[in-house]
Every structure is written in C-alpha cells, then in structure tokens.
There are 2 protein chains.
Amino acid sequence: MGDEAEPAVSLAHRVPDLGALELLLAVARLGSLGRAARARGISQPAASSRIRSMERQLGVALVERSPRGSRLTDAGALVTDWARRVVEAAEAFDAGAQALRGRRDSRLRVAASMTIAEYLLPGWLIALRAQRPGTAVSLLAGNSRAVAERLLTGAADLGFVEGLEVPEGLDGTVIGHDRLIVVAAPSHPWTRRRTELTAAELAATPLILRERGSGTRQVLDAALARHGGLAAPLLELASTTAVKAAVVSEAAPSVLSELAVGEELTARRLVEIPVRGLRLGRELRAVWPAGQRPAGPARQLLGLTRPTA
Amino acid sequence: MGDEAEPAVSLAHRVPDLGALELLLAVARLGSLGRAARARGISQPAASSRIRSMERQLGVALVERSPRGSRLTDAGALVTDWARRVVEAAEAFDAGAQALRGRRDSRLRVAASMTIAEYLLPGWLIALRAQRPGTAVSLLAGNSRAVAERLLTGAADLGFVEGLEVPEGLDGTVIGHDRLIVVAAPSHPWTRRRTELTAAELAATPLILRERGSGTRQVLDAALARHGGLAAPLLELASTTAVKAAVVSEAAPSVLSELAVGEELTARRLVEIPVRGLRLGRELRAVWPAGQRPAGPARQLLGLTRPTA
DNA sequence: CTCTGCACATAAACCCAGCTTATGCCCTCA
DNA sequence: TGAGGGCATAAGCTGGGTTTATGTGCAGAG
C-alpha cells in the first residue's frame, strides 16, 4: 500500500475546530450569538467572528442574523447536526482520555478488555458523568487475565470482559452480547450469493484476520474446528482497523466483532455475509471479586451498562 | 431548563484538535514521527512537539519513542481508536459540507430528505469520493415535495426520500428501511415492564414529539389511528435533537426514527420499548424522473446505497 | 414619537499555539 | 567507524482568535 496520497489540504483545514462546532451548537440551542457567547465563556464579538469565519470556510450561510436574535438556516441545521456528531465523538474521546489518566485517588477504578474499553466504555462514562458529576474514574485496559488480576489484587473495583466464561475467583453478570460476523467489501462476490454461505465454506476460505492470540481469533478457531478448521489466513494484521481497511481494499472477507463494524455496515463500506448455522456469539460481562457485590460508584456504573435495572 | 452549567473549560481545551488527532493516526499507521510528519506535510519537529503537547494535555504517554521509530503504547492504541472516531465524524462533516456548498458546476446534484441527508448521505459521499475522487456533488435538503420538484425541473439528478409512496412523476427503488421505534430514558418505568406494551397503551400515553407536519409525526398518526388515535403530546419540539434531550430528562417516552437514535441506544442513553403488533416501518427510496434511469455519477452513487449490486 | 434594551458588526491591539529552520545526540547497520 | 534514520532542543516568526471599545438597527414601552 505505502503512503497513500493525503488530501492537498488536511481535514483540519476544511473542518472548523471543536470550539467553533461547540459554539454553533450553542447558537442553535440558544437562538442568539450573544447568549451562545456567554454560555461558552467568550465575548460576543468573538462568537460573531468565529461563526462568520466558519461560514466563510464552508462557503455556506449558517445563521440568519436579525436584530432580535439568530436562527439557523436550513443548511445551518444540517451542518449543526453533522457538527453534533463530531462533538459527541470528541466527548467520548474526552471521557475515555480522562479515565486513562488514571489518578490514584480515583473513586472508581475500572479494568476492561480492549473491545469494551474502545467501543462501549466511553459512552458509559459520559452517562455516569451526567448522573454523578465529579466521580473520578480510572481505566486500565487489558486482556481477561489482566482484568482478573487487577480485581483480585484490589487494584480495580469493577471489570469488564468479553468471553465464554467468568475468570476464576470472580463473580459477574452478563451485560450484553457481541457477535462475530463475516464481513466483505460490497464488491465481493459473496455479497451477491443467492444461497447462504455454509460454515464449511467459510472455514475453507483464506480470510484476513487479526493475528493469532486475539480474542476474536480464538473464538473463531473454536467455532470452526468441527467444520474442518480454519484455512490459513490470507493476511494477518495487528489491529482491527488494519483488518477493516484490508477487507475494503483487498477484496477478501474477514470475521470481526459486530461492535467494531457497526459504523461500516450502516455506511455500507462493509457488508455482513450471513452464514448458515454458525453462531459466533460471546457474552459481555461485568465482573468483580467473588462475594464482593459492587457498591457505590461501581454499582452506579454497572446500572448504566444494563438495558434494564 | 435554561443555561445549563457549561464545563469549566470547554471540550476544545481538553481534546486535541483535529490536526493533532490526524497526526496521531498517521504515527500509528506509519510507525515513526518523521514519516507521519512528512505524510501530513509538516516538519519533523512540529510533529514531535505536537504529539508531545498532546501527551501533556492528556496526561498519558501515547507513543514509545526509540531511535528506530515510534510505536503506540497500550494507552496510545486506545486513544488512537477513540481519535479515529472523531476523525471519521469530521470526515462525514467535511463530505456533507462540501456538497452543501453546492457549486453550479457540480457533476452530480442530489436532493434528499432531511433524515437521509443527516444520517446516511455523508457516508455515501465518502464512499463515492473513495471510488471516484473528483466527482463534485451538490446537495439540497428538503421534504419530499421539494425533492420531487427539483428532480422534475431538472435541478437535481438524483433524489432520496423516506415515506410510503413514490411521488408523482418519479421512478424509484427501495434502498433501505427505516423504522420508528418507541424510546424512553433508561429510568422510565416502561423499561422494566414484563409484558409488552400494546399499541393502544402507546396511543393513550402523552408523548414527546416533533411538531405536527414532520414526516415522523405523520407516519405515527396514521399507524395509531385505529388504536384510538394519538393522545395529545406532552411536549412538541422543533428538532429531533431537542426531542431526544427531552426524553432523557423529562422521563416521558417518544417515537423516533431508528436512524436518529442508533447512537443513543448503543450508549444506553435511551432504551427501545418494544410494542406488540405495531409496525412503523417506512421505506427509504432513491428516486429520479420517470423514465430517466440514473447514469454516470448518479448511477455510481445509487450503487453505493444498496446492500448488493 | 422618543427612549431604552437587546442583538449584531466593526476596529484596533494583543497574545500565544504551532510552524519552520538549524543543529545536536543516539542508536543501528554495513 | 562512518553513514543514515530518528527524535529532541532552540530561536524566531506568523496568524487566528481574543478582548475592549464603540457603532448601527430594530422593537416595544412609556
């Protein structure tokens, strides 16, 4: 692959910065540049100029100014919606990063598997912050063994693992399900099959996979063992992202966690290939030292992770 | 509600800017600060300092520097994954904004309903750009009537609408389905029901809704007509976002498009309430003037919107 | 019919984050 | 042991974003 051609001018130059996007959301919410400025803690002229330069940058009028306030234009409403998604992603980033800072005096110390830390935890932390602002959370991400160890040595209060069973010495509860699914590029022949793929066919096909040792790989190996075992992979890559990129461009399928490809599926960058009679589910569990039911902030967080109380 | 307390220091001050996040992704991909710097078109010291200040800001070591290159630390890998989501949201923003600029010489003029423009189109545009870089797309967002008019007057080449039937004078094809779902805050009693909600109960409950006239509202009205008709809404709001916020805080349920609440459902900020025997589906359609099958870029885009060719 | 209040715009001056160029140190490999 | 790749430090510059101060336009009250 090598260095792909980067865009002539980077995203950062074509997309307003986070401060500007937050300001736009405030304008949409409050209906006036001045009020938005006050809410964001800047002066009114600063807000005015910032919105204006954003309009210049995008080449679209975003707000309709009047002596009685400002309303979004139609285009502005659309831009604001897209901006909201950027800001939400940034909020998740912030929530995660803050937990990662991992200060010793945190009131709640969480240990989580990579997949959960990556895809689910930031959202939970945002919800937790909404309910109990000021709860300092620290996060340590690692595999199931590392999570168990932290809990057993008292270095963590609550753990999250994905896998088939609860590690020795821990109690736990199922908080959700993940599913490994077969994905391919939209151009791949499998997306046009009229008959469902069989497990044996899948097993016989060289796939693009994570390297041996990843949780995903283990589950897949186990599930396909009685269908002839997994064929030699076409490509073994170190990160889920690299795998996704390769699936899109190399035109070979892969098997990935539903959590990891949700975005790609709805955007149709990838397509799920149903496989007859193959269930690649795995449970997502919250875990804690046997006998010590979570209390305080841990209990609060636990409540957020389950569909119903 | 009023002006809620904004955080003491805004997101923009706690989250590195897009340029820094892009740089981090480049470092992750290329394995060296210098190469990443070159790829992003800046000098090596600039990259070094930027990564360093990001580490200082987050309070976490992100890359392990060595005389032979730089690798991500464990925390760095996690941060990079979260960063990727921010950058992806920014890419969607950019793709949408660029189309909105709507230059007259665009090779492909698209008219789309708000929902589709907001949630689906940016992803399609990114995919289109990947396949056919340089295809200038312009976007006009409006309701079904506006879309139809643009197509019939030749002001647009391809349209997207959600609804029950194809507007007069247009041909179309179904490209997907949307579903209206009942949602409530996780704390709402409905999330703890043991028996499924019935359509009649739903109809009898005051909901938080979009204002009369929105597509969502129309479909809901029609579906509940034979279950006693919709009760007077508890609250009528102008934007989907306002409705979502109200559902979370006011503890009353609402009915919203699946597309609009996907994020909230996975983050458990909202919970879907199943309703027995109520199907609130609506089709998403690509449309074009009757008899004029899409060709060229329009055909290309159309191909991206469907699960299989 | 004018006065007051609110909202946005303009102008001038300032500050700092981030960039570049120049240079040095460290490690590896031939 | 010399060459090259990789990162760090230093010094100087630039521009975007900010503030304060002030001006304009409109609405509604008196």
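Note that these values count all heavy atoms, side chains included, but never hydrogens, waters or copies made by symmetry.
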Visitor: So, is B:R65 close to the D:dG6 phosphate, meaning a side-chain N or O under 4.0 Å from OP1 or OP2?
Guide: no
Visitor: Tell me: CG of B:D17 to C1' of C:dC16, nearest whole Å?
Guide: 14 Å
Visitor: Check side chain to side chain donor-acceptor pair (under 3.5 Å) between A:T240 and all other residues, then give those that pass, not counting sequence neighbours.
Guide: A:R210
Visitor: Side-chain donor-acceptor pairs under 3.5 Å in residues 128-135 of chain B, sequence neighbours left out?
Guide:
| unit_1 | atom_1 | unit_2 | atom_2 | d |
| --- | --- | --- | --- | --- |
| B:R129 | NH1 | B:D94 | OD2 | 3.4 |
| B:Q131 | OE1 | B:Q300 | NE2 | 2.3 |
| B:R132 | NE | B:Q300 | OE1 | 3.4 |
| B:R132 | NH2 | B:Q300 | OE1 | 2.9 |
| B:T135 | OG1 | B:R132 | O | 3.0 |

Visitor: Minimum heavy-atom separation for A:L209 and A:S254, please, with both atom names.
Guide: CD2-OG, 4.2 Å
Visitor: Can you check the A:H13 NE2 to D:dG16 C1' distance for me, whole Å?
Guide: 11 Å
Visitor: Within the side chain of A:E55, is there an N or O that forms a donor-acceptor pair under 3.5 Å with the backbone of A:L62?
Guide: yes
Visitor: Kindly write out the residues that satisfy side chain to side chain donor-acceptor pair (under 3.5 Å) with B:E91, not counting sequence neighbours, or none if the list is empty.
Guide: none
Visitor: Figure out the CG/P separation between A:L30 and C:dA7, and round it to whole Å.
Guide: 11 Å
Visitor: How far apart are the closest heavy atoms of B:G34 and B:Q44, and which atoms are they?
Guide: CA-CG, 4.2 Å
Visitor: Would you mind reading off the distance between A:I42 atom CD1 and D:dT18 atom C1', rounded to a whole angstrom?
Guide: 9 Å
Visitor: Assign a letter to each nucleotide of nucleotides 20-30 of chain D from its 5' end: B, base within under 4.0 Å of a protein heavy atom; S, sugar-phosphate only; -, no contact.
Guide: BB----SS---
Visitor: Near DNA chain D, counting only heavy atoms under 4.0 Å, which residues of residues 47-60 of chain B show up?
Guide: B:S48, B:R52
Visitor: Could you check how far CZ of B:R40 sits from P of C:dC19, rounded to whole Å?
Guide: 11 Å
Visitor: With sequence neighbours left out, which residue pairs that include part of residues 41-50 of chain B fulfil the salt bridge (Lys or Arg N to Asp or Glu O under 4.0 Å) condition?
Guide: B:D17-B:R50
Visitor: Establish, from distance only, whether the side-chain atoms of B:R84 and A:T241 form a donor-acceptor pair under 3.5 Å.
Guide: yes
Visitor: Please determine if a side-chain N or O atom of B:S70 lies less than 4.0 Å away from the OP1 or OP2 oxygen of D:dG6.
Guide: no
Visitor: Does the side chain of A:V261 come within less than 4.5 Å of A:K244's, by heavy atoms?
Guide: yes
Visitor: Counting only side-chain N and O atoms of B:R35, is one of them less than 4.0 Å from OP1 or OP2 of D:dG6?
Guide: yes
Visitor: In whole angstroms, how far is the P atom of C:dA7 from the CZ atom of A:R71?
Guide: 15 Å
Visitor: B:L33 has an atom CG; how far is it from atom P of C:dC19, in whole Å?
Guide: 13 Å
Visitor: I need the CG-C1' distance between A:L23 and D:dG16, as an integer number of Å.
Guide: 15 Å
